[in-house]
Each structure stands twice: as structure tokens, then as C-alpha cells.
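Below, chains carry the letters A, B, ... as their sequence lines are ordered, and counting in each starts from 1.
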2 protein chains.
Amino acid sequence: MTISDVAKRVGVSAITVSRYFTNPEKVSADLRERIALVVAEFGYVPNLAAGGLASARSRIVGMVIPNISSPIFANTIQSFSDRLSLHGYQLLLASSYFSRELEENAVRAFLGWTPAAIVLTGHFHTDATETLIERASFPVVETWDLQPQRKPIQVGFLHRDVGRDATQYLFGKGYRRIAFVQNSGTGDYRSLDRRDGYTAVMAEHGLEPILFAPTVLPQLEAGEQSFEALMKRDNPVDAIIFANDSLASGAILSAQRKGINIPEKCAIFGFGDYAISEKLSPSLTTIRPPAKEIGEVAASCILALTGAIPQDAEFQHLNPLPCELIERESA
Amino acid sequence: MTISDVAKRVGVSAITVSRYFTNPEKVSADLRERIALVVAEFGYVPNLAAGGLASARSRIVGMVIPNISSPIFANTIQSFSDRLSLHGYQLLLASSYFSRELEENAVRAFLGWTPAAIVLTGHFHTDATETLIERASFPVVETWDLQPQRKPIQVGFLHRDVGRDATQYLFGKGYRRIAFVQNSGTGDYRSLDRRDGYTAVMAEHGLEPILFAPTVLPQLEAGEQSFEALMKRDNPVDAIIFANDSLASGAILSAQRKGINIPEKCAIFGFGDYAISEKLSPSLTTIRPPAKEIGEVAASCILALTGAIPQDAEFQHLNPLPCELIERESA
DNA sequence: ACTCAAAATGTTAGCGCTACCATTTTGAGT
DNA sequence: ACTCAAAATGGTAGCGCTAACATTTTGAGT
């Protein structure tokens with residue numbers, strides 16, 4: 001079943017049927033109806049590979065995210081995919097697990113489809129990836145992070161500022177022995193940026209930074225482990241900033257079991273504002289990143305640049321996208 | 001940059017370069033090296049649309065899941081994608097939000113790429129989708145559910161049995177006024193199957209089923225709402241089975257805040273075994289579905305049927321895939 | 001009725017690759 | 001050295017579609 005078969009059946013040329021699919025408004029209403037009828041009758045589905053080859057374009061958008069299971073990225077993927085699919089674009093998804101090499105593989109694979117755009121997480125790539133996206137003839141969007149002086153469109157915020165804001169908030173509340181717990185065993189350099197923001201503020205105030213890196217991988221357990229280790233110190237901390245809400249939740253749940261009062265004994269600060277954070281006892285003070293917004297804005301940029309929506313909508317977002325500090329009970 | 005350019009540069013014909021990519025073992029070691037060199041030098045990436053058109057095959061696998069954000073499906077997607085990408089397959093992902101119409105759209109869009117396979121969630125489709133997958137010349141896999149007498153490969157388990165097991169477990173523990181809380185506002189018929197299992201066991205024992213459908217959407221809040229409503233009844237329940245662990249977590253967190261003892265006052269039973277479930281106080285008794293396994297087995301089936309791995313590995317899984325009842329503190 | 005731009009439709013060629021079959025080269029067995 | 005199957009390589013055609021341009025039809029303005 002090809003486009004010519006449909007065309008023959010309708011009594012028009014193939015190109016008219018092609019137009020029916022790509023530019024329906026260029027086909028007369030009468031023909032439009034007759035074509036629709038035949039298409040429905042045969043259940044004809046255009047061969048997108050052929051179309052892509054002929055036009056050197058496609059409605060495929062490739063996206064590389066560190067991992068699908070993280071609540072943080074899931075929202076971005078979901079909102080991104082939703083907005084794109086509204087305009088007939090399809091999402092080719094790959095996970096990098098924070099590995100630049102896996103990211104490169106994914107980008108290479110995407111390239112073969114002459115995608116409409118590619119979306120990456122962050123700006124830290126292999127040299128080969130850099131070359132590939134440099135040469136790309138389609139939009140490349142980097143999400144979740146900002147790094148000036150780069151060619152790709154960026155949709156994100158400064159993680160350093162997030163770390164700074166969290167630390168300043170705790171400092172303002174009177175905490176001084178503030179620790180930072182890193183993300184365990186990943187190449188997540190964005191959490192390291194947040195840490196750097198923390199370290200900088202500590203240094204400003206002449207305070208010694210206290211860093212802890214958990215050794216186990218499941219986030220909740222890593223949070224428990226970190227919390228317990230930091231409480232056991234000779235000079236225990238009075239506040240902890242966690243690299244994400246899962247780690248922080250682990251700490252709160254552990255404190256709860258052990259009957260340790262939070263924030264009296266130790267304040268807990270997270271990052272991510274996961275669904276659970278607000279429901280914990282005590283509820284988790286955290287910074288909500290614009291996860292959903294990142295997906296939406298990235299999609300809008302792509303749609304604007306490929307002409308699917310008016311161009312002027314393109315850069316109507318403010319970079320950095322705003323994070324929100326959510327004060328709750330834990331800090 | 002086309003395959004012919006590479007071929008010219010190496011001094012061979014295009015078809016040899018093509019073989020280098022699809023059947024490297026059919027190209028002599030010497031040529032393989034020389035081709036690799038030129039490919040690397042120019043950063044050549046084969047045009048997959050052209051290849052797909054010429055061969056009427058592709059390494060794209062389309063997957064429709066209800067939604068990406070749910071921890072339940074995220075694990076399936078992740079394990080599925082991971083296994084496939086190991087063999088050079090790519091994942092085209094779409095969400096249905098439990099809508100059969102959105103599912104149909106997605107399937108239609110996938111079809112245009114002559115995919116290697118399509119994976120759906122469940123067996124409840126529109127008539128048009130049924131027709132499309134009936135005619136498909138590639139494997140179609142239905143996941144998360146079993147329904148006998150269907151053509152597609154199925155990888156899942158019986159949700160009715162899950163509901164039955166949960167209810168019987170609680171009955172065995174002496175609970176009699178057992179309620180079931182449904183998933184709020186979705187077309188998730190699998191949770192209704194679990195409910196039917198519950199209703200059946202209640203009927204067997206001559207007990208009145210107590211059903212509650214929350215009216216709010218965020219799962220944790222829906223769980224809270226349900227729990228509070230069920231505790232306020234004139235004849236309060238002594239155990240609640242929730243359609244999933246998010247709802248159940250909402251209930252536990254709410255009980256905790258209100259100082260209601262679980263399971264003494266009311267037992268709580270979930271479904272899903274999310275990461276948080278084991279860490280709650282009290283920890284959540286639940287049934288762990290084989291989320292990861294579903295993804296892996298689905299991928300293996302597809303790889304076997306498309307010849308990427310030996311055929312005999314194909315149906316080495318037992319259907320239904322086993323769920324595990326995890327007894328913890330809440331019931 | 002006539003003009004002429006705009007709208008609607010058609011013709012031709014080719015996108016980059018692989019299937020299919022043909023041809024050449026290799027090397028183990030004699 | 002010779003045979004001959006197996007391995008390696010190549011030529012040709014065509015996959016199904018759309019870009020670019022060409023042609024025909026339409027209908028508002030006179």
C-alpha cells in the first residue's frame with residue numbers, strides 16, 4: 001500500500017496525496033474528502049522513512065536524559081513529549097546514565113534519522129559529540145543547565161545558584177555547621193555545581209565545608225547512611241543539604257524511625273521537590289526545579305525553529321528558568 | 001556525505017560499505033579497517049531512513065505506556081530500553097494516559113517507520129488499533145497484563161490474582177472489614193481487575209465489599225483523602241487495599257501525622273513496591289510486580305523474533321511473570 | 001466575455017540505501 | 001598445478017516519497 005495506490009484509487013496524482021498529508025490546506029476540500037475516504041478504507045499509513053529520505057527532514061526528535069526512572073527527569077520527558085506529540089512529532093528516547101560515551105552513541109544513532117532536533121541534558125559532552133552537534137543542521141537544545149558561550153540553545157538554570165541559595169537560607173536561619181551530601185556514584189556534575197555553590201557561601205562566611213559522599217547506591221539508603229554518619233561525628237552538624245530529595249527523604253525517614261527531632265536536632269534541605277517531599281513528617285524544605293517547564297520550553301523552541309508554531313513564541317522564556325525555594329518543616 | 005562518498009574514498013563499492021555496517025563479518029578484515037578509518041575521519045553516519053526504505057526494516061521499536069512519570073512503568077521502560085539499545089535498537093516512546101485513542105495515534109505514527117516491533121501496555125485497544133496490529137508484519141507485544149486467545153505476545157501477569165492474593169492475605173490475618181481504594185480518575189482497567197479479585201474473595205467469604213474512589217488526582221492526596229474518609233465511616237474499616245503504593249503511602253503518611261496506629265487501627269496494603277514503601281513508618285506491605293522483568297522479557301522476545309539473539313531464548317519466561325507479596329509492618 | 005494572478009494539480013527526477021544476482025578471488029583438498 | 005566450493009566484492013534496480021518546476025483551473029475584477 002503506497003501513496004500511488006491511494007492516488008490511483010482517488011484518481012489523482014501521488015503528489016496530491018502527499019500534499020494531503022503535509023499541507024492539507026493546499027488541497028481542495030473536495031479532494032481532501034475523497035482522499036480521506038480512501039485512506040480510511042485501506043488503513044493507509046504513509047511510509048515516513050521514504051518521506052524522510054525524500055525531504056531530508058523528519059518529525060523525530062531525539063532526547064538523551066541521564067535516566068528515565070528519576071522523578072526529576074520524568075517530568076521533563078513527559079511535558080516535552082506531550083507538547084511535541086501535539087504537533088505530530090515523535091520522541092526517540094535514550095538514557096545516558098550520566099555517561100558521556102553512552103550519550104555520544106545515542107546522538108550518533110539519532111543522527112541517522114535526520115531528526116528535527118536533538119535534546120541533551122547538560123553541556124558536558126565528548127569531543128565527538130561536540131563535533132556532531134556543531135555540524136548539525138537542526139536545532140540542538142541543552143537542558144537543565146546553563147553554560148554561556150555555547151552554540152546550542154540552553155533551557156535551564158544555574159545549579160551553583162541553587163546550592164548558594166540553599167546555604168544562604170540555612171545560614172540566615174542561624175545554622176553554621178552545615179554539611180552537603182553528594183549524589184552517590186554518578187557522574188552527575190550538576191549536583192557538583194550545587195555543591196560548589198554551597199562551598200562558596202561557606203567560604204564567604206569563614207565556615208569549614210563539610211562534604212559527605214555516600215557509598216551505597218539506592219538513594220533512600222544513601223540518604224540514611226549519610227544522615228547517620230553525619231550525626232555520629234564528634235562535632236555533629238546542625239543542618240544538611242542533600243543533592244536531591246530522595247537522599248533527603250531517606251534522612252527524614254531514618255530520623256523518624258530513630259526519634260531524632262528535625263529540624264531541632266538537625267535541619268534537612270533537599271533539591272527536586274518530589275511528590276513525597278511535602279507529605280513527609282516533617283515535610284521537606286527544598287528547592288523546586290522547573291522540571292516540567294524545561295520540557296515545555298525545550299519543545300516550544302524546537303517547534304518554533306522548525307516552523308510548527310510562530311517564531312515569535314520562540315524565546316519568550318527567561319533564562320535562567322526560575323527555581324522556587326519551598327520552606328517547609330525540615331529546615 | 002553518503003555511503004558512496006565513503007566507498008569512493010576507500011576504493012570499494014557502496015555495497016561493501018553497506019555490508020560493513022550491517023554484516024561486518026562478511027567484509028574482509030583489511031577492508032573493515034580501511035572503511036572504519038574513513039568513517040571515523042569524516043564522521044560518517046549512515047542514513048537510517050534510506051536504509052529503512054530500501055530494506056523495509058528498521059531498528060526502531062515503538063512503545064506506548066500510560067505515562068512515563070509513574071514509578072511502575074518507568075522501570076519497565078528503562079529495562080526495556082537498556083536491553084534493546086545494547087543491540088542497536090532505538091526506542092520511540094509515546095504516552096497514552098490510559099486513553100485508547102491516544103494509543104491508536106501513537107501506533108499509527110510508529111507504523112510509518114516500519115518498526116522492528118511495537119510494545120503496548122495491556123490488551124484493551126480501539127478497533128482500529130486491533131486491525132493495525134493484526135495486519136502488522138512485525139512482532140507486537142502486550143505488557144503488564146495477560147488475556148488468553150490473543151495474537152500478540154503477552155508479557156505480564158493476572159491483576160485479578162494480585163487483588164485476590166492481597167485480600168486472602170488480609171483475611172488470613174483476621175481482617176474482615178476490608179476496603180479497596182481505586183485509582184483516581186484514570187482508565188486504568190488493570191487496577192479494576194485487581195479490584196475484581198478483591199470483590200471475588202470478599203464474596204466467597206460472605207463479606208460486603210467496601211469500595212472507595214478518591215476524587216482528587218495527585219496520588220498521595222488521593223490516598224490521604226481515601227484513608228480519612230474510610231476511617232470516618234460509622235462502621236470503620238480495619239484494613240485497606242490500595243490500587244497502588246502511592247495511594248497507600250499517602251494513607252500511611254496521613255496516619256502518621258494524625259497519630260493513628262497502623263496496622264493496629266487499620267492495616268494498609270499497597271501494590272507496586274515503590275522505593276519509598278520499604279522506608280515508611282510503618283513500612284508498607286505490598287505486592288511487587290515484575291516491572292523490570294516485563295521490560296527485559298519484552299525486549300528479549302523482540303530480539304529473538306528479529307533474529308538479534310538466538311531464537312531459543314525467546315519464550316524462556318514463564319507466563320504469568322511472578323509477583324511477590326512483601327510482608328512488612330503495615331499489614 | 002476577458003484578463004490575470006492565485007489556487008490547484010501534475011511531471012520528472014532523485015533522495016541514500018540495500019536486495020538480488022553476478023562476478024571475482026581465495027584457499028583447502030587433491 | 002588444478003579443481004571447486006566458499007568467501008569476498010560488485011552492478012543494477014528500485015524502495016516510497018517529495019522538491020522543484022510546469023501546467024491547468026478557478027474566480028475576482030473589469
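- Nearest nucleotide to the B:Ser28 side chain, out of C:dT9, D:dA8, D:dT18: D:dA8.
- Look at CG on A:Asn23: it is 13 Å from C1' on C:dA8, rounded to the nearest Å.
- Spacing between atom CE of B:Met1 and atom C1' of C:dC15 amounts to 16 Å, rounded to whole angstrom units.
- Comparing A:Thr2 and B:Thr16 by the nucleotide of DNA chain D whose heavy atom lies nearest to each, the residue mapping closer to the 5' end is B:Thr16.
- B:Arg19 places its CZ atom 8 Å from the C1' atom of D:dA8, with the value rounded to the nearest Å.
- Salt-bridge formation is detected for the pair A:Arg34/A:Asp30: a Lys NZ or Arg NE/NH1/NH2 atom is positioned less than 4.0 Å from an Asp or Glu carboxylate oxygen.
- Each of B:Pro46 and A:Glu25 has a nearest nucleotide on DNA chain C; the 5'-most of these lies closest to A:Glu25.
- Within the 4.0 angstrom heavy-atom criterion, no nucleotide atom of any strand lies near B:Leu48.
- For A:Ser18, counting side-chain heavy atoms from C-beta on, the closest listed nucleotide (C:dA8, D:dA8, D:dT18) is D:dT18.
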(message) Give the dot-bracket line for DNA chain C from 5' end to 3' end: parentheses for intra-strand Watson-Crick or G-U pairs under 3.5 Å, square brackets for crossings, | for inter-strand pairing, dots for unpaired.
(response) ||||||||||||||||||||||||||||||
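- Ring geometry, B:Trp144 versus B:His159: the interplanar angle falls from 30° to 60°, so the pair is classed tilted.
- Side chain of A:Ser13, nearest nucleotide from C:dT9, D:dC17, C:dG10: C:dG10.
- Here A:Arg57 lies in heavy-atom contact (under 4.0 Å) with sugar-phosphate atoms only.
- Ion pair B:Glu104/B:Arg100 not flagged as a salt bridge, since none of the NZ, NE, NH1 or NH2 atoms sits closer than 4.0 Å to an Asp/Glu carboxylate oxygen.
- Counting heavy atoms from C-beta outward, B:Trp113 and A:Gln90 have side chains that approach closer than 4.5 Å.
- Between the CG atom of A:Asp5 and the P atom of D:dG16 there is a distance of 9 Å, given to the nearest Å.
- When distances are taken from the side chain of A:Ile15 to each of C:dC21, D:dT18, C:dT18, the shortest belongs to D:dT18.
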(request) Check step by step if side chain to side chain contact (heavy atoms under 4.5 Å, CB included) holds for A:Cys301 and A:Val297. (result) CA-CA 6 Å; A:Cys301 286; A:Val297 171; 4.2 Å; yes
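- What separates CG of A:Asp30 from C1' of D:dT26 is a distance of 14 Å, to the nearest Å.
- Among the nucleotides C:dA8, D:dA20, C:dT18, the one closest to the side chain of B:Ser55 is C:dT18.
- Protein atom CG of B:Leu111 is 15 Å distant from nucleotide atom C1' of D:dG16, rounded to whole Å.
- For the pair B:Tyr20 OH and D:dA8 C1', the interatomic distance rounds to 17 Å; values are reported in whole Å.
- Salt bridge status for B:Glu134 with B:Lys151: absent, with no side-chain N to carboxylate O gap under 4.0 Å.
- Which of C:dC17, D:dA19, C:dT9 sits closest to the side chain of A:Val27 comes down to C:dT9.
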(request) Would you please test B:Ile65 and B:Leu93 for side chain to side chain contact (heavy atoms under 4.5 Å, CB included) and show each step? (result) CA-CA 8 Å; B:Ile65 28 81; B:Leu93 194 66; 4.0 Å; yes
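- A:Ile3 has its CD1 atom 14 Å from the C1' atom of D:dC15, to the nearest Å.
- Comparing C:dT9, C:dC17, D:dC17 by their closest approach to the side chain of A:Leu31 singles out C:dT9.
- Counting only heavy atoms from C-beta on, B:Val12 has its side chain closest to D:dG10 among C:dT9, D:dT18, D:dG10.
- Between B:Arg135 and B:Glu130 there is no salt bridge, since no side-chain nitrogen of the basic residue lies less than 4.0 Å from a carboxylate oxygen of the acidic one.
- Using a 4.0 Å heavy-atom cutoff across all strands shown, B:Leu53 reaches at least one base atom of the nucleic acid.
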